[in-house]
Amino acid sequence: MKIGELAKRSGCSIQTIRYYEKEGLISAPARTDGNFRVYDTPALEKLAFIKNCRALDLTLDEIKQLMALQHLPGTPCEKVNDMIDAHLKIVESRIADLQKLHADLKVLRQKCGHARPIEQCGILDELSPKSHSRN
């Protein structure tokens with residue numbers, strides 16, 4: 001299949017497919033006499049794998065590692081488990097950061113409980129450097 005059809009079937013853009021090819025995530029395809037890229041079913045399957053990994057916010061390096069491990073069927077899957085455990089820690093840290101941000105925004109929102117003229121806005125006052133120099 002040509003790159004346009006692969007893009008349609010995979011849900012990836014043509015630019016993304018070319019980028020993954022450049023990064024070595026999918027193999028360089030065969031070319032027709034007219035120099036069109038021609039992809040096969042394994043390329044479509046690799047793109048599906050990559051999309052599933054990206055949906056989990058795995059990096060391209062992590063995806064490359066997972067793809068390399070797929071070619072070593074006798075390798076214990078502890079390497080995969082370790083990678084996912086490390087990724088879980090990163091996600092948990094990001095969740096904690098977002099929860100703190102949520103709490104900070106709620107406190108900030110309470111600084112201006114009703115409609116006021118903009119010069120009396122408690123949120124803008126709190127965000128202002130003048131406000132912090134008074135504390």
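When reading the values below, keep in mind they use all heavy atoms of this one structure, side chains included, and skip hydrogens, waters and symmetry mates. Since we're looking at a predicted model, the values are computed, not measured.
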Straight-line distance of Asp40 CG to Glu45 CD, nearest 0.5 Å: 8.5 Å
Straight-line distance of Cys112 SG to Glu126 CD, nearest 0.5 Å: 11.5 Å
Nearest atoms (heavy-atom pairs only) where Leu47 meets Cys12: CD2-SG, 4.2 Å
Pairwise distance CG(Leu66) to CE(Met83) - rounded to 0.5 angstrom: 4.0 Å
Steps toward side chain to side chain contact (heavy atoms under 4.5 Å, CB included) verdict (Leu60, Arg54): CA-CA 8 Å; Leu60 294 184; Arg54 294 297 295 145; 4.1 Å; yes
Members sharing Ile95's hydrophobic cluster (side chains within less than 4.5 Å): Val91
Partner set under side chain to side chain donor-acceptor pair (under 3.5 Å) for Asn81, not counting sequence neighbours: Glu78
Inter-residue atom distance Asp97.CG - Leu101.CG, 0.5 Å rounding: 9.0 Å
Test applied, salt bridge (Lys or Arg N to Asp or Glu O under 4.0 Å); reference residue, Glu5; option that passes from Arg9, Lys8, Lys2: Arg9
Contact summary for Leu25 and Met67, nearest pair of heavy atoms: O-CE, 3.1 Å
Results of side chain to side chain donor-acceptor pair (under 3.5 Å) for Thr16 - residues two or more places apart only: Ser13
Lys79 and Gln65: CA distance, side-chain angles, deciding distance, side chain to side chain contact (heavy atoms under 4.5 Å, CB included) verdict: CA-CA 9 Å; Lys79 291 183 179 189; Gln65 290 173 35; over 6 Å; no
Pairwise side-chain contact, Tyr39 with Ile17, heavy-atom cut-off 4.5 Å (strictly under): yes
Short side-chain to backbone donor-acceptor contact, Lys51 and Ser10, under 3.5 Å: yes
Interatomic distance, Ile118 atom CD1 to Asp125 atom CG [nearest 0.5 angstrom]: 11.5 Å
Donor-acceptor pair, side chain of Asp82 and main chain of Asp85, under 3.5 angstrom: no
Partners passing side chain to side chain donor-acceptor pair (under 3.5 Å) against Glu62 (at least two apart in sequence or in another chain): Thr59
Under the side chain to side chain donor-acceptor pair (under 3.5 Å) test, residues paired with Arg94 that sit two or more places apart: Asp57
Shared hydrophobic cluster for Ile63 and Tyr19 (ILVMFWY, side-chain gaps under 4.5 Å): yes
Considering all heavy atoms, the nearest Leu56-His87 contact: O-NE2, 2.9 Å
Nearest heavy-atom neighbours spanning Ile14 and Ala7: CG1-CB, 3.9 Å
Path from Val80 to Leu58 over hydrophobic side-chain contacts below 4.5 Å: yes
Path from Tyr20 to Phe36 over hydrophobic side-chain contacts below 4.5 Å: no
Selection residues 100-111 - residue pairs positive for side chain to side chain donor-acceptor pair (under 3.5 Å), sequence neighbours left out: Lys100-Asp104
Point-to-point distance, once rounded to the nearest 0.5 Å, from CZ of Arg37 to CD1 of Ile3: 5.0 Å
